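Both counts, for ligands and for their atoms, begin at 1 and track the order of listing. All values reported here derive from a predicted model rather than from experimental measurement.
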Amino acid sequence: MARTGSIRRKTRRRSATSRAQRADRYALYQRSVQSPEFDASFIDRVYRKEYGSPPMLLREDFCGTAAISCAFVASRRGRRAIGIDIDPEPLAWGREHNVAALPEARRGLVRLIEADVRDVMRPRADVVCAMNFSYCVFKTRDELRGYFEAARANLRRKGVLVLDVVGGPETQEEDTEETRTVGRGIRYVWEQKRFDPVSYNARFAIHFLFDDGSALHHAFEYDWRLWTIPEIRELLLEAGFRRADVYWEETDSETGEGNGRYRKVREAEADPAWVACIAAIR
Ligand SMILES: C[S@@+](CC[C@H](N)C(=O)[O-])C[C@H]1O[C@@H](n2cnc3c(N)ncnc32)[C@H](O)[C@@H]1O
């Protein structure tokens, strides 16, 4: 009797909360839009190609939960990372989940700092990265050039700044949604709420929908300027970088979709929606 009673209590408790209420938005975000091991290995490849040795100190600007910092430190003995974000909440989540998941001896090799990325100068790193388009919070040329100057000042003599860029005509539409399944009974939704062709300012949101009908609406929201590749490259050179190389995703000949391999290009096809990477050489 006692056992039946406890099972009933558990069943009642479980149905009292929806999947959305039990969900962890940072875990869902990482699963849906991040590939930290891929990013760490891309950073490694670009740096080695330029300088012939592996990068050992990474500075992850706009680090959020510091997933790339942790993947970088996990990928090779002796590597260190510094993650900087203005919001204490993702930093705390990153400490509790990503840093804590590292082998004990490596946990002290990731340092997380709560600050504006433009206010933390030193130590100089081999690579500074700013991923998932985070620098798009800077909406004027002066602001973005100022950030690139700060990033360059935070690089060692042999240094690379790695960024990703999103574009294509589909990113300039509004009231559109892209959805995909990111776990059992979980749909990820990327909503383009607004695109202003005069300023190129755009607003986006991430939602998560669950198979019990519940939802985490506006789990994340972004208010960005969509910068083009030529604008970014020009500003990088104005900020003092020697070169700004563009890496474009190869196309799988069977599916016509990107295959996850990026190579350096001088020109590319006019895809309706694309994500490219830029490596700026100090
Ligand atoms: C799009 S998320 C990117 C998180 C992570 N880098 C990734 O790859 O998914 C942007 C992050 O930038 C942070 N952020 C925005 N402005 C910032 C600033 N000026 N300095 C530091 N962090 C900033 C936000 O708190 C947020 O965590």
query: Among all protein non-hydrogen atoms, which one is nearest to atom 1 (C) of ligand 1, and what is the separation to 0.1 Å?
result: Y222 CE2, 3.4 Å
message: One residue to check: A130. Relative to ligand 1, which of side chain, backbone, both or neither has a non-hydrogen atom less than 4.0 Å away?
response: neither
- request: Compute whether any side-chain donor of one residue and acceptor of the other, for D142 and T140, lie under 3.5 angstrom apart.
  value: no
message: I'd like to check which ligand 1 atoms, numbered from 1 as shown, lie under 4.0 Å from a non-hydrogen atom of A115.
response: 20 (N), 21 (C)
field: Atoms of ligand 1 close to M131 [distance to a heavy atom under 4.0 angstrom, numbered from 1]
entry: 6 (N), 8 (O)
- prompt: Which protein non-hydrogen atom lies closest to atom 22 (N) of ligand 1, naming both residue and atom, and how far is it?
  reply: I86 N, 3.1 Å
- prompt: For E114, what residues pass the side chain to side chain donor-acceptor pair (under 3.5 Å) criterion, not counting sequence neighbours?
  reply: none
- request: Would you check whether F138 has a nitrogen or oxygen atom less than 3.5 angstrom from a nitrogen or oxygen atom of ligand 1?
  value: no
message: Determine whether R19 and I186 satisfy the following criterion, side chain to side chain contact (heavy atoms under 4.5 Å, CB included), listing intermediate values before the conclusion.
response: CA-CA 9 Å; R19 289 195 74 185; I186 309 173; 3.7 Å; yes
query: Closest non-hydrogen protein atom to atom 14 (N) of ligand 1, residue and atom name please, with distance?
result: F62 CD2, 3.7 Å
task: Pick, from V120, V137, D85, the option with the minimum heavy-atom distance to atom 26 (C) of ligand 1.
output: D85
query: Which protein non-hydrogen atom lies closest to atom 9 (O) of ligand 1, naming both residue and atom, and how far is it?
result: Y29 OH, 2.4 Å
message: Within the 4.0 Å heavy-atom shell around G64, which atoms of ligand 1 are there?
response: 27 (O)
message: Using a 3.5 Å cut-off on N or O atoms only, is V117 in polar contact with ligand 1?
response: yes
task: Treating Ile, Leu, Val, Met, Phe, Trp and Tyr as nodes and any side-chain heavy-atom pair under 4.5 angstrom as an edge, say whether I86 and F220 lie in one connected cluster.
output: no
query: Within the structure, does R118 bring an N/O atom to less than 3.5 angstrom of an N/O atom in ligand 1?
result: no
Ring pair (Phe, Tyr, Trp, His ring centres under 6.0 Å) contacts in which one or both residues fall within residues 256-278, not counting sequence neighbours: F38-Y262, W248-W274
- line: Within 4.0 Å of some non-hydrogen atom of N132, the atoms of ligand 1 are 1 (C), 7 (C), 8 (O), 9 (O)
query: Is there a donor-acceptor contact under 3.5 Å from the side chain of R225 to the main chain of K139?
result: yes
query: Under 6.0 Å from the six-membered ring centre of F208 and within 45° of its axis: does the NZ or CZ of R25 meet both?
result: no
- prompt: Taking the six-membered ring for Trp, are F133 and W224 parallel (under 30°), tilted (30 to 60°) or perpendicular (over 60°)?
  reply: perpendicular
query: Would you say Q34 and ligand 1 have an N/O pair spaced under 3.5 Å apart?
result: yes
message: Could you tell me if Y147 and D61 have a donor-acceptor pair between their side chains, going purely by distance under 3.5 Å?
response: yes
Result of checking L58, V110, D44 against F72 for side chain to side chain contact (heavy atoms under 4.5 Å, CB included): L58
query: Which ligand 1 atoms are under 4.0 Å away from a heavy-atom of D87?
result: 25 (O)
- prompt: Starting from atom 3 (C) of ligand 1, which protein heavy atom do you reach first, and at what distance in Å?
  reply: S134 OG, 3.3 Å
